[in-house]
Engineer: 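Let me begin by handing over the structure; questions about it come next.
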2 protein chains.
Amino acid sequence: MWGDKLSEGIMSIKEQLQNRFDELTRAEKQLTQLLLQNYPASGLGSITDLAKRSRVSTPTVARLVQKLGYTGFPQFQSVLRAEVGAELSNPIDKYNKWAEHAPDEHILNRFADSVSKNVRQTFSRLQTEEFDEVCALLANTDHRLTIVGGRISRSLADYMFTHMQVIRPRVTHMTSNSNAWPHYLLDMNKDDILVIFDVRRYENDLRRLAEMAHERGVKIILFTDQWGSPISKIAAHKFSCHIEVPSAWDSSIVPMLILEALIAKCKKRIGIKPGAGLTHWQACLTVRAYSESSLRAFSG
Amino acid sequence: MWGDKLSEGIMSIKEQLQNRFDELTRAEKQLTQLLLQNYPASGLGSITDLAKRSRVSTPTVARLVQKLGYTGFPQFQSVLRAEVGAELSNPIDKYNKWAEHAPDEHILNRFADSVSKNVRQTFSRLQTEEFDEVCALLANTDHRLTIVGGRISRSLADYMFTHMQVIRPRVTHMTSNSNAWPHYLLDMNKDDILVIFDVRRYENDLRRLAEMAHERGVKIILFTDQWGSPISKIAAHKFSCHIEVPSAWDSSIVPMLILEALIAKCKKRIGIKPGAGLTHWQACLTVRAYSESSLRAFSG
DNA sequence: AAATTTTTGAAATTTAATTGACAGCCCGAT
DNA sequence: ATCGGGCTGTCAATTAAATTTCAAAAATTT
C-alpha cells in the first residue's frame, strides 16, 4: 500500500504491533503477544498491571510504546481508548475466522476448521484410561520399545522416536524398508512393545509385521484412523484419529497431537523417577555436544 | 425484591446506570449522561479527565461509583475493562472440554486447549498473501527444492519431503547430519529454494547453512516459532508458529498444520497443470508398486 | 425566613503510576 | 575463551491520580 509510514496514522495499534513484530526484542514480543491476545482490553489497565501479566518490567512497556511512536504510555492508552469507541460501534463478527484477514473459503481457514473438528471428534471418543495405560507401558523401561510407520506415517514414527530416545533407553525406529524387518522380529518377545502407525491406505507389510509380532506375544500399540486398520483386531491398545481434511490425502495432526500428549506425560513419569547419576536424557545431551558444529570447518 | 442486589453482579454497568438514574443527584446525573453517551470508552480514562469532561468534581465521580457498590474508581474501571474484553474477545470454544470423560486438568484436555490457542494466535498473525506466495514458489518446478530441519523438526522436514516428492520433481531432503551439507550447498544458486525448519533451541549449524545459502542467492522459506530463529532476518518468507504446550518441550502441531495446508494447495496447483503423459505422482506410484511386499517372502 | 440536611467542589493527603538512570546479563563477534 | 553492544530489570525520583477532609453552596424542612 502507498505510504507505510504515512498510513501509520490510520493504522490500528493492533496492526502496528503485528506489522512491526519482527523488529521487536524478546521481551517486547512477549508483551506484544499478551496485548494481542485479548486486544484491546488487555492494554487498558495500568502499565504496572500490564507489565506484571506479561512478565516484563514496566520500563519495557514504556519503551515499547515509545518505539511505536507515542510520547508515553498515557498517550498510547488514550489512542487505545479511542479505538474501543470506534470498534464497538461497528460490531462485525470477524472472530469466527481463524485467519482474520483471509476469506472464510481460504484453505487456511478451511484447514483449521477441519482440524478443530477432527480433534473434537477424536477426543470425544478417546478413553483417558486407555491413554493413561499406554503411557504407563511406554514409560516402563523394562520393555523394549520399537516404533514403525507406513509410507506417510513414517514421519510420525520418526518424531516419536526422536523424543522417546531422549527420555528412555531401549528404543528402536524400524525404518520403512521392510526388508530389514524380519531381522528385528526374530528378536522380539512378550516383553516387547511395538508402536505402529497405520492410516489408510493400510499397508500389507505393516499388517503382516503386526500379525507376526502378535504371534510372538508382542504388545501392539496402534495409531490409526477412524475406520481402523486391519491391525486393530490384534492391537493391545488403539488410538483412532479423525484425519479428514480438505485435501487429496489425510492429516497427521490428530495422531501427532495425541502423540505429543503421550510423550509429555511419559516424560513427566520418567523424569521424577529416582535415577542413579545421569538420567538418560542428560547422557544424550552429553553425546550431542560432541556431534555439533561440523559446518564450522567449512565456513571458516 | 430479592433480585436487586443479587442481580447487580450480572448487570452491566450501563444497565445499572440506567436503572438507578432517577435516584441520582443533579451532578451525578450529569456525569452519568456523559458516561452513557460514549459507553464504555468514556469511562476508561482517568477520574480527573472524566470529571472535567462532565463538569463535575472528582469526588463526585468517586462517590457515584461507590454508590453503585464499587470500592473505588479503580475497581469500577476494572469491571468496565472486563466488559470490553467480554464484548470484543473471541468466544470460540472457551469453556469447551475436548475429551468429555476426562477432567479439565487431564493432560489431554490441557494439550488440546494449548494447541487450539496456538492455532488461533498463529493464524491471526499469518499473512495469507505470504502463504499464497510461498505456495506459488513451491509449486514452481523450475526451482529445485531442498528441505532441512533441526534435531526435532527433522520429522517435519521428512513429512514435507514425503509429500512434496509425490507432487513435484527435484525435491531433496538434507539429512540432519551437517557433515554432508557443504556438498549440497556448492551446487545451489539463485534458482534454488531452501525450506528450513528451525524452532528453539535454534541450531548454529542451521544458521550457518542459511547464511551461506543466502549469500548464494538461494530463496529461504523458514518455519520457526513465535520468537523467531536468527534465520528470520535473511529468510524470504517466514511462518512464525506458536508452539508452547504444557510440556517440557515444544509442539510441532502448528507448523505441521500450516505445512499440510501448503501441501494441499500446492498439490491443487500442480495437479491441474496440463502435463504430458504421466503426472509426477503417477510415475511415483508406479515405482512404488515394485518395492512393495518384501515381507511376503519372509512370511510365506 | 431560619435552621437543617444534603450536595458539591477546592484543597490536602495519600496512594499509585510513570519515567529516567544505572547495572547486570545475555548474545553474538573476534 | 574473552570482549563489546544492546537488551532488560531494579531502584529511585518525579509526576499524576485517587481519595479523604472540610467548608461553602444549594436544597429542603420547619
Side-chain angles (χ1 to χ4, degrees), chain A residues 20-34 42-81 289 292-293 295-296 299-300, chain B residues 20-34 42-81 198 200-212 214 227-234:
Chain A
R20 304 185 52 178
F21 190 82
D22 290 335
E23 55 187 279
L24 301 180
T25 65
R26 179 197 52 81
E28 287 169 347
K29 282 180 181 170
Q30 204 172 310
L31 165 61
T32 301
Q33 244 144 22
L34 191 120
S42 45
L44 294 170
S46 77
I47 191 175
T48 317
D49 181 54
L50 179 56
K52 206 172 286 172
R53 278 184 299 139
S54 44
R55 318 285 168 93
V56 300
S57 64
T58 40
T60 300
V61 182
R63 281 190 284 256
L64 175 64
V65 300
Q66 279 168 9
K67 206 182 231 177
L68 290 176
Y70 302 96
T71 62
F73 190 76
Q75 197 207 347
F76 167 83
Q77 229 179 23
S78 81
V79 174
L80 214 52
R81 278 196 299 275
E292 285 219 342
S293 68
L295 258 196
R296 202 163 307 168
S299 72
Chain B
R20 304 182 55 175
F21 190 82
D22 293 336
E23 54 185 282
L24 301 179
T25 67
R26 178 197 55 79
E28 285 169 346
K29 279 179 180 166
Q30 203 172 312
L31 167 59
T32 301
Q33 250 152 9
L34 191 120
S42 47
L44 294 170
S46 77
I47 191 174
T48 318
D49 180 57
L50 179 56
K52 205 171 287 172
R53 278 184 298 141
S54 44
R55 318 291 167 94
V56 301
S57 65
T58 41
T60 302
V61 182
R63 280 189 285 260
L64 174 63
V65 300
Q66 278 167 12
K67 209 181 230 177
L68 291 176
Y70 303 98
T71 61
F73 190 76
Q75 198 207 346
F76 167 83
Q77 227 180 24
S78 83
V79 173
L80 214 51
R81 277 197 300 273
D198 188 32
R200 68 171 185 192
R201 326 154 39 122
Y202 315 116
E203 296 176 32
N204 263 325
D205 286 355
L206 274 179
R207 203 201 42 185
R208 287 204 205 89
L209 171 70
E211 281 165 3
M212 287 155 66
H214 181 61
W227 300 281
S229 113
I231 300 175
S232 303
K233 296 184 200 74
I234 57 174

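All figures in this text were calculated on a predicted structure; none of them were measured in a lab. Letters go in sequence order (proteins before strands), and every chain restarts at 1.
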Engineer: On DNA chain D, does the nearest nucleotide to K67(A) precede the nearest nucleotide to G72(B) from the 5' side, or the other way round? Give the residue.
Structural biologist: K67(A)
Engineer: Q77(B) side chain to G45(B) main-chain N or O, any donor-acceptor pair under 3.5 Å?
Structural biologist: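 Yes; at least one donor-acceptor contact below 3.5 Å.
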Engineer: Measure the distance from CD on Q30(B) to P on dA26(D) and round it to the nearest whole Å.
Structural biologist: 14 Å
Engineer: 5'-most contact on DNA chain D: R26(B) or P74(B), nearest heavy atom basis?
Structural biologist: P74(B)
Engineer: What is the distance, rounded to the nearest whole Å, between atom CZ of R200(B) and atom C1' of dC26(C)?
Structural biologist: 16 Å
Engineer: In whole angstroms, how far is the P atom of dA17(D) from the CG atom of D49(B)?
Structural biologist: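 So the two atoms are 8 Å apart, to the nearest Å.
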Engineer: Do E28(A) side-chain atoms and L24(A) backbone N/O form a donor-acceptor pair below 3.5 Å?
Structural biologist: no
Engineer: In this structure, how many angstroms lie between the P atom of dA26(D) and the CD atom of E28(B), rounded?
Structural biologist: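 That distance rounds to 18 Å.
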Engineer: Taking the side chain of S46(B) as its heavy atoms from C-beta onward, which of dC7(D), dA11(C), dA18(D) lies nearest to it?
Structural biologist: dA18(D)
Engineer: Can you check the R63(B) CZ to dT19(D) P distance for me, whole Å?
Structural biologist: 12 Å
Engineer: Mapping S57(B) and E211(B) to their closest nucleotides on DNA chain C, which lands nearer the 5' end?
Structural biologist: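 Closer to the 5' end of DNA chain C: S57(B).
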Engineer: Figure out the CG/C1' separation between L64(B) and dT8(C), and round it to whole Å.
Structural biologist: 14 Å
Engineer: If you only use heavy atoms from C-beta on, which nucleotide in dG9(D), dA17(C), dC7(D) is closest to the side chain of T60(A)?
Structural biologist: dG9(D)
Engineer: How long is the line joining CG of L31(A) and C1' of dC7(D), in whole Å?
Structural biologist: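 Atom-to-atom, L31(A) to dC7(D), this comes out as 14 Å.
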Engineer: Should T60(B) and T25(B) count as side-chain neighbours, where that means a heavy-atom distance under 4.5 Å?
Structural biologist: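 When only atoms from C-beta onward are counted, T25(B) and T60(B) do not touch, as no gap falls below 4.5 Å.
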Engineer: Kindly say whether, by distance alone, the side chain of R207(B) makes a donor-acceptor pair under 3.5 Å with the base of dG28(C)?
Structural biologist: no
Engineer: Is the shortest side-chain N/O distance from T25(B) to OP1 or OP2 of dT8(C) below 4.0 Å?
Structural biologist: yes
Engineer: Taking only the side-chain heavy atoms of I47(A) (C-beta and beyond), determine which of dG9(C), dG9(D), dT18(C) contains the nearest atom.
Structural biologist: dT18(C)
Engineer: What's the closest nucleotide to the side chain of P59(B) if the choices are dT7(C), dG9(C), dT19(C)?
Structural biologist: dG9(C)
Engineer: Got more than 12 heavy atoms from elsewhere within 6.0 Å of NZ, K67(A)?
Structural biologist: yes
Engineer: Would the distance check show the side chain of Q30(A) and the main-chain N or O of S54(A) forming a donor-acceptor pair, the cut-off being under 3.5 Å?
Structural biologist: yes
Engineer: Would you kindly give the CD-to-C1' distance between Q66(A) and dT18(C), to the nearest whole Å?
Structural biologist: 10 Å
